[in-house]
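The next block holds one structure in the form of structure tokens; read it before the comments.
This one's a predicted model, so the numbers in the text were calculated from it and none came from an experiment.
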Amino acid sequence: MASIIVVVIIFVLLALAIMFICQNGGWQGGCGGNCASCHSKCADAEKKKK
């Protein structure tokens, strides 16, 4: 019985982690720790608009 509770808790935590990642930029579109790369993408986007 206790093992079932542990498995349910693990699945709930996994679901919460996936929801958190999706709400904060997801796996795509984020800078992935490379802030210079993110800034250059934003700068390039502003140049293209002009």
query: How is the hydrophobic cluster of Met1 composed, in terms of its other members, when Ile, Leu, Val, Met, Phe, Trp and Tyr link through side-chain heavy atoms under 4.5 Å apart, directly or indirectly?
result: none
field: Criterion side-chain contact (heavy atoms from CB on, under 4.5 Å) against Ile18, the qualifying member of Leu16, Leu14, Ile21
entry: Leu14
task: Give me the other members of the hydrophobic cluster that Phe11 sits in, counting Ile, Leu, Val, Met, Phe, Trp and Tyr linked by side-chain heavy atoms under 4.5 Å, directly or via other members.
output: Val7
task: For Ile9, check side-chain contact (heavy atoms from CB on, under 4.5 Å) against everything at least two apart and list the hits.
output: Ile5, Leu13
